[in-house]
Q: 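Sharing a structure here in structure tokens format.
This structure is a prediction, so every number in the text was calculated from the model and none was measured. Chain letters run A, B, ... following the sequence lines, proteins first and then strands; every chain starts at 1.
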Protein chains: 2
Amino acid sequence: MGAMRRPTMTDVAREVGVTAKTVSRVLNDGPVAVETRERVLAAVRKLGYQPNLMARNMRVGARDAAIGLVIPEMGNPFFGTVAGGVESAVRARGLTLIVGSSDEAAGLEQSLIATFLARRVSALMVVPAASSDHRHLRSERVAGLPIVFLDRPSAGLRADCVVSANREGSRTGVAHLIVHGHRRIGFVGDVPASLYTRRERLQGYRDALDGAGLPYDRALVETGHDVEAAARATMRLLSLADPPTALFAGNNLASMGAVVALSRAGRKDVAVVGFDDLPLAEALDPPLTVVAQDPAAVGAAAAEMVLRRLDGDRSRARRTTVPTRLIARGSGELPPR
Amino acid sequence: MGAMRRPTMTDVAREVGVTAKTVSRVLNDGPVAVETRERVLAAVRKLGYQPNLMARNMRVGARDAAIGLVIPEMGNPFFGTVAGGVESAVRARGLTLIVGSSDEAAGLEQSLIATFLARRVSALMVVPAASSDHRHLRSERVAGLPIVFLDRPSAGLRADCVVSANREGSRTGVAHLIVHGHRRIGFVGDVPASLYTRRERLQGYRDALDGAGLPYDRALVETGHDVEAAARATMRLLSLADPPTALFAGNNLASMGAVVALSRAGRKDVAVVGFDDLPLAEALDPPLTVVAQDPAAVGAAAAEMVLRRLDGDRSRARRTTVPTRLIARGSGELPPR
DNA sequence: TTGTATGCGTTATCAA
DNA sequence: TTGATAACGCATACAA
């Protein structure tokens, strides 16, 4: 039972009384007599023959018709949506998507990449883990393998990359709070501080302060790497002697932490702007004002970059920036109390 | 520039002055003289040789060391987390994960499955689209290909499947509302009504009513396929002549819709229990009581099923049910007004 | 311990 | 239009 051999091209050929190559021609629209073609197709149906893509890939290009994608976390809707954007763009070209999640660990990321390379994927797309380094990919790059980094640029490798307008978006969000009268604005960011997105967004925060002639107060910058930690960070800010009247949250987890902390403390008087939109933002009290990213667009842009490279574009590495959008819903428009 | 040929086993062999087979033995821990092994490994490093998994897979098992997974939507954190659970379980066995999203469309699902089969994946894991049919997979099943369905069982094919305790969880959630005094409880479900999860959860709702001797009122059952539609469905329920004092939401989108609608209407007096947990549930006002699923466990259980099948388990198809858990946070404990 | 011959399923080349 | 032969990169079987 089970494990009966699948029909191969040769089986089909024998059934019809031709050569495997003829069957191959039929399946690849080569020059074949009409009558032969029909007999072959009939045999294909009869035997339930399905071409073996593995063998085909190996023979034809020595490249797998697949794209390898590494993301830090599949359950995070931001990265999930990014992956979705990649997948639909890539599938339109007959490529399939192989994914792995690095858990934000450089080691896991490396081993995933190694597996993908061993499979001879046609291209590599990576959301780099916080502390990863990509020098080891240099030889692949010079060998012509398309490599695109998403959300965060690569360390140690000049390669294409698609990121959100982190600094600009952050600046806009903080400026929005300033326009509404706030002078002391707390920043709740993720860790490590070395993370690209964190750095850029903090820089945008400082840009906005500078633009308004406000001082940068190191005491107003706090950190948390998950929702609970961000909630604690928020509480620390609120219990300062001279507490902020508004908060800027540096990513979706930080936003959640801030919102949770304020809700627990029963504080509805603290203005909040979060970076990255949340599904229930509208249902919060007050509704959450955010700087929305467009993760699907990030994925799609990166996929298009890859496709261009696969089409032979050998121009130098490019950085694409996907714009963000301020969505005012209420929490960001609260006045300082 | 670029596109220089990758070194193969033969290249390494030539470099050392041995046969490809010897290199193969070194890489697969076969019997090789210590000194030979070292010279081979040196050449591997020198040439930057990386074994070609494609070729290896083809030779060794005629099976790709990959699992094909089809989910309806990558951006949905429920399915993303399911995929994450699958991936980590599967990676531990040296298998990689190939994913595609069907957009809940049977046609796309079929073509994804066809691609995976053509790649000769080692197993197939599918969250079936609402209206899909899997009779066409029968020959694969008898041929011994492990196939496991997740979240929803398959139509037309007896195969392994891992689902949440939909009916039981739903019953528990509704019973919770009843215990808190509610007699008229609205149901906000997803469409189509034929969807397995919707059917089961509605059945659990009816079980709870029956258990309490409450009548089933068709007018209290509404439907919405996304957040906005669910919000409208909620409003329809609230504007009934004899409106419900509590709502049970049949999935995460329905929960969001209900929460958003109540928030817009400024109603904090309607009790709500949602099926599936939400990230910000705690920060809502009142905090949202939910019947939490465990998507990572669903993914992991399905992956383990697949691994058992790959290990030769030929027992008959099994259905695994992953328990749910009621998390009382406030919205489900409101009394009827 | 190592090599030779052969095959996996497909396509390229060249000839018929 | 079709076929014979070789090749892709690797592993198995057997021999040396």
Q: Send over the distance from A:Arg14 CZ to D:dA4 P, rounded to a whole Å.
A: 14 Å

Q: Could you say whether B:Met58 or B:Ala20 is positioned toward the 5' end of DNA chain C, judged by the nucleotide with the nearest heavy atom to each?
A: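 Upstream on the strand: B:Ala20.
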
Q: With sequence neighbours excluded, what pairs up with A:Arg135 under the side chain to side chain contact (heavy atoms under 4.5 Å, CB included) test?
A: A:Asp133, A:Arg138

Q: With sequence neighbours left out, write down each residue that passes side chain to side chain contact (heavy atoms under 4.5 Å, CB included) with A:Pro153, or none if nothing qualifies.
A: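 A:Pro153: side chain to side chain contact (heavy atoms under 4.5 Å, CB included) contacts with A:Cys161, A:Val163, A:Tyr196, A:Arg319.
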
Q: Nucleotide by nucleotide, 5' to 3', does protein get under 4.0 Å of the base (B), only the sugar-phosphate (S), or neither (-) in nucleotides 11-16 of chain D, counting heavy atoms?
A: BB----

Q: Could B:Arg318 and B:Asp313 be called an ion pair, given the rule that one side-chain N must be under 4.0 Å from one carboxylate O?
A: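 Looking at B:Asp313 together with B:Arg318, the answer is yes, because their closest N to O distance falls below 4.0 Å.
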
Q: Please, which pairs that meet salt bridge (charged side-chain N to carboxylate O under 4.0 Å, His left out) have at least one residue in residues 75-99 of chain B, sequence neighbours excluded?
A: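 Salt bridge (charged side-chain N to carboxylate O under 4.0 Å, His left out) check on residues 75-99 of chain B returns B:Glu87-B:Arg91, B:Arg93-B:Asp311.
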
Q: Using atom types as modelled and distance alone, determine if a side-chain donor or acceptor of A:Thr81 lies under 3.5 Å from a backbone N or O of A:Pro77.
A: yes

Q: Run the side chain to side chain contact (heavy atoms under 4.5 Å, CB included) test against A:Ala89 and tell me which residues pass, sequence neighbours left out.
A: A:Ala303

Q: How would you list, by chain and number, every residue that makes a salt bridge (charged side-chain N to carboxylate O under 4.0 Å, His left out) with A:Glu140, sequence neighbours excluded?
A: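 Salt bridge (charged side-chain N to carboxylate O under 4.0 Å, His left out) list for A:Glu140, sorted by chain: B:Arg6.
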
Q: Going by number, which of residues 111-121 of chain A have a non-hydrogen atom under 4.0 Å from DNA chain C?
A: none

Q: Which pairs count as salt bridge (charged side-chain N to carboxylate O under 4.0 Å, His left out) when at least one residue sits in residues 100-112 of chain A, sequence neighbours excluded?
A: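 The answer is A:Glu104-A:Arg152.
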
Q: Holding to side chain to side chain contact (heavy atoms under 4.5 Å, CB included), I want the full list of residues that pass it with A:Pro146, two or more places apart in sequence or in another chain.
A: A:Ala123, A:Arg309, A:Leu310

Q: Tell me which residues in residues 30-50 of chain B lie within less than 4.0 Å of DNA chain C, going by non-hydrogen atoms.
A: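 Per residue number, the list reads B:Pro31, B:Val32, B:Ala33, B:Thr36.
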
Q: Answer with yes or no whether the side chains of B:Ser164 and B:Asn166 bring together a donor and an acceptor at under 3.5 Å.
A: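 Distance-only check fails for B:Asn166 and B:Ser164.
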
Q: Walking along DNA chain C from 5' to 3', note the first and the last nucleotide with an atom under 4.0 Å from a heavy atom of chain A, and give both.
A: C:dG9 to C:dA12

Q: Any ion pair linking B:Asp64 and B:Arg56 (charged N to carboxylate O, less than 4.0 Å)?
A: no

Q: Looking across every strand, which nucleic acid part, if any, lies under 4.0 Å from B:Thr19 by heavy atom: base, sugar-phosphate, or nothing?
A: base

Q: Looking at A:Leu97 and A:Leu69, what are the two nearest heavy atoms and their distance?
A: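 Looking at all heavy atoms of both residues, the closest pair is CD1-CB, 3.9 Å.
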
Q: Can you name the salt bridge (charged side-chain N to carboxylate O under 4.0 Å, His left out) partners of B:Glu15, sequence neighbours left out?
A: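 Applying salt bridge (charged side-chain N to carboxylate O under 4.0 Å, His left out) to B:Glu15 gives B:Lys46.
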
